[in-house]
Amino acid sequence: MTLAPTHRNGQAVWSDTQLLYALEEVVETELNRHLAVAKEWMPHEYVPWSDGRNFDGVMGGEAWAPDQSKVSDVGRIALVVNLLTEDNLPSYHHEIASLFGRDGAWGTWVHRWTAEEGRHGIVMRDYLLTSRAVDPVELERFRMAHMSEGFESDNQHSMLHTVAYVAFQELATRISHRNTGHHSGDPVCDRMLARIATDENLHMIFYRNLLGKAFELAPDQTMGAVRDVVVNFRMPGHGMPGFERAAAQIAIGGIYNLRIHHDDVLQPVLRFLKVLEIGGLGPEGLKAQEELGLYMGGLDDQATKFDERREALLARRRARAERS
């Protein structure tokens, strides 16, 4: 097949297959860089096994109760959301393997990424159950319900949309894990999630650099994909039971909200790639760039309003606590 794109109205138009071939060398370079800097780590070393004991049921142990948990209330909510998100790894693997392929550098990366993400679910579940941080019965019921629904990406219609999405989503996951650790109230949990967050950051760098190369090859199409992803962004766990209520509590708790999404997730990637400064775009690319800039300005305004409402709510809570 030819790697040369077709042209429409003077602008290059790439198919997904052409872009996969054209980006293969970049994927190999980024894969080798990733393997050189990624450090081996063992999930079992981050779990406080000596704290473990039998639960009720067939082992005749002690039933779970909230006062057994060392983590904060908001930490417990975020830990469940984060783990349920990781649990859907089989669906994520299927999606990206179907899109990127299982051969060559793309396939090697897909399998490596899956293996690294698998460690995250292993260590989080072992920690949660051993430390009795969350209700194990509720956790398993949520897992069954969430995984039974499967996962279908909002961005599977284009490989550029997928690359753009994971560039932001991996950073969002890193921030979510890191902030959950900070707000958990348990140093053991904080250390574990910091280790996971390090992996997520390396994943983000891989996809961010790949997205940067895509801008060089297909600037108009990539700009459109980034615009679509940013405007319609949803975390992969949005389909889990009770997600909206949990997300609201996580937002108020300062783990992940509009301000964090704007300042710590979207802006760093957009600034690094200089997305709003890219020149030489055709009409469609310019339109997407302008819409992206307008959206980011509106999101900043929304985040400011959220900050004001959040602070007012927290002030009322503090006042009630002082009165009681």
Could I get the full list of side-chain contact (heavy atoms from CB on, under 4.5 Å) partners for Arg33, not counting sequence neighbours? Glu30, Val37, Ile205, Phe206, Asn209

How far does CG of Asp220 sit from CG of Leu160, to the nearest 0.5 angstrom? 11.5 Å

Should Phe100 and Val27 count as side-chain neighbours, where that means a heavy-atom distance under 4.5 Å? no

Regarding Trp41 and Asp199, do their side chains bring together a donor and an acceptor under 3.5 Å, going by distance alone? yes

I'd like to know if Val80 and Met147 are part of one continuous hydrophobic network [Ile/Leu/Val/Met/Phe/Trp/Tyr, side-chain heavy atoms within less than 4.5 Å]. no

Against Glu200, only a single residue in His120, Arg174, Arg178 fulfils side chain to side chain donor-acceptor pair (under 3.5 Å); can you say which? His120

Pairs of donor and acceptor atoms involving the side chains of residues 254-280, under 3.5 Å and at least two apart or interchain, shall be tabulated with distances.
from: Tyr256; atom 1: OH; to: His261; atom 2: ND1; distance (Å): 2.6
from: Asn257; atom 1: OD1; to: Arg259; atom 2: N; distance (Å): 3.2
from: Asn257; atom 1: OD1; to: Ile260; atom 2: N; distance (Å): 3.1
from: Asn257; atom 1: ND2; to: Ala251; atom 2: O; distance (Å): 3.0
from: Arg259; atom 1: NE; to: Asp307; atom 2: OD2; distance (Å): 3.1
from: Arg259; atom 1: NH1; to: Asp263; atom 2: OD1; distance (Å): 3.0
from: Arg259; atom 1: NH1; to: Asp300; atom 2: OD1; distance (Å): 2.8
from: Arg259; atom 1: NH2; to: Asp300; atom 2: O; distance (Å): 3.3
from: Arg259; atom 1: NH2; to: Asp300; atom 2: OD1; distance (Å): 3.2
from: Arg259; atom 1: NH2; to: Thr304; atom 2: OG1; distance (Å): 3.0

Non-hydrogen side-chain atoms of Val110 and Arg102 separated by less than 4.5 Å: no

Would you say CD of Glu62 has more than 12 non-hydrogen atoms from neighbouring residues, nucleotides or ligands within 6.0 angstrom? yes

Pair His44-Asp126, side-chain donor/acceptor within less than 3.5 Å: no

Can Met235 be reached from Leu84 by stepping across I, L, V, M, F, W or Y side chains whose heavy atoms are under 4.5 Å apart? yes

Presence of salt bridge, Glu116 and Arg112, under 4.0 angstrom: yes

Does the side chain of Leu171 reach to within under 4.5 Å of the side chain of Ile175, using non-hydrogen atoms? yes

Among Val81, Asp73, Ile77, which residue satisfies the side chain to side chain contact (heavy atoms under 4.5 Å, CB included) criterion with Gln249? Ile77

Would you indicate whether the side-chain heavy atoms of Leu79 and Leu193 approach each other to under 4.5 Å? yes

Start with the C-alpha gap between Arg53 and Gln68, add the side-chain angles, then the distance that decides, and say whether side-chain contact (heavy atoms from CB on, under 4.5 Å) holds. CA-CA 12 Å; Arg53 60 191 187 277; Gln68 296 168 4; 3.8 Å; yes

Strictly distance-based, threshold 3.5 Å: is any side-chain N or O of Ser176 a donor or acceptor partner for the main-chain N or O of Thr173? no

Are Phe55 and Met144 connected in a single hydrophobic cluster, I mean Ile/Leu/Val/Met/Phe/Trp/Tyr linked by side-chain heavy atoms less than 4.5 Å apart? no

Between His93 and His111, is there a side-chain heavy-atom distance shorter than 4.5 Å? yes

Using the ring of Tyr46 (Phe, Tyr or Trp, six-membered ring only), decide whether Arg119 places NZ or CZ under 6.0 Å from its centre and within 45 degrees of its axis. no

Just checking, is any N or O donor in the side chain of Glu95 or Ser91 under 3.5 Å from an acceptor N or O on the other one? no

Using 4.0 Å as the upper bound for N to carboxylate O, is an ion pair formed by Asp51 and Lys70? yes

Should His34 and Trp113 be marked as a side-chain contact (heavy atoms from CB on, under 4.5 Å) after you check the CA-CA gap, both sets of side-chain angles, and the distance that decides it? CA-CA 10 Å; His34 176 84; Trp113 174 87; over 6 Å; no

Considering non-hydrogen atoms only, spot the tightest contact between Leu139 and Leu128 and give its length. CD2-CD1, 4.4 Å

For Arg141, check salt bridge (charged side-chain N to carboxylate O under 4.0 Å, His left out) against everything at least two apart and list the hits. none

In plain terms, say whether Lys287 and Glu290 are close enough for a salt bridge, that is, a side-chain N and a carboxylate O under 4.0 Å apart. no

Nearest heavy-atom contact between Pro187 and Gly185 is CD-O, 3.9 Å

Please determine whether side-chain contact (heavy atoms from CB on, under 4.5 Å) holds for the pair Trp64 and Val137, giving the CA-CA distance in whole Å, both sets of side-chain angles, and the decisive distance to 0.1 Å. CA-CA 9 Å; Trp64 183 83; Val137 174; over 6 Å; no

Exercise: identify the closest heavy-atom pair between Ile252 and Arg310: O-NE, 2.7 Å

Any chance you could lay out the side-chain contact (heavy atoms from CB on, under 4.5 Å) test for His177 and Met124, step after step, and finish with the verdict? CA-CA 11 Å; His177 282 312; Met124 288 181 68; 3.8 Å; yes

Joint hydrophobic cluster, Val226 plus Tyr295, side-chain heavy atoms closer than 4.5 Å: yes

When the ring centroid of Tyr127 is compared with that of Trp49, is the distance short of 6.0 Å? no

Do Thr130 side-chain atoms and Val47 backbone N/O form a donor-acceptor pair below 3.5 Å? no

Restricting to non-hydrogen atoms, name the atom on His183 and the atom on Ser72 that form the minimum distance, rounded to 0.1 Å. O-OG, 2.6 Å

Closest non-hydrogen contact found for Pro136 with Leu129 is CB-CD2, 3.7 Å

Does the pair Asp228 and His161 meet the rule for a side-chain hydrogen bond (donor to acceptor under 3.5 Å, both in side chains), with working shown? CA-CA 8 Å; Asp228 294 344; His161 282 78; 2.8 Å; yes

Verify the cluster assignment for Leu35 and Met204: are they in a single hydrophobic cluster under the rule of side-chain heavy atoms below 4.5 Å apart? yes

Salt bridge (charged side-chain N to carboxylate O under 4.0 Å, His left out) involving Glu311 - partner list, sequence neighbours excluded: Arg318

side-chain contact (heavy atoms from CB on, under 4.5 Å) filter on Asp56, not counting sequence neighbours, yields Ala63

Under 4.5 Å between any side-chain heavy atoms of Ile250 and Phe243, yes or no? no

Are the ring centres of Tyr165 and Tyr207 closer than 6.0 Å? no

Arg132 and Asn54: which non-hydrogen atoms are nearest, and at how many Å? NH2-O, 2.6 Å

Are the side chains of Tyr92 and Thr85 in contact, using a 4.5 Å heavy-atom criterion? yes

Under a 4.5 Å cut-off applied to non-hydrogen side-chain atoms, are Asp87 and Phe142 in contact? no

Residues in salt bridge (charged side-chain N to carboxylate O under 4.0 Å, His left out) with Arg227, at least two apart? Glu291

Decide yes or no on side-chain hydrogen bond (donor to acceptor under 3.5 Å, both in side chains) for Ser131 and Asp186, but give the supporting numbers first. CA-CA 10 Å; Ser131 67; Asp186 180 10; 5.3 Å; no

Looking at Gln289 and Met223, would you say the former's side chain and the latter's main chain have a donor-acceptor pair under 3.5 Å? no

So, the side chain of Asn201 versus the backbone of Ala197: is there a donor-acceptor pair under 3.5 Å, distance only? no

Side chains of Glu284 and Gln221: donor-acceptor distance under 3.5 Å anywhere? no

Under 3.5 Å, is there a donor-acceptor pair between the side chain of Gln18 and the main chain of Ser15? yes

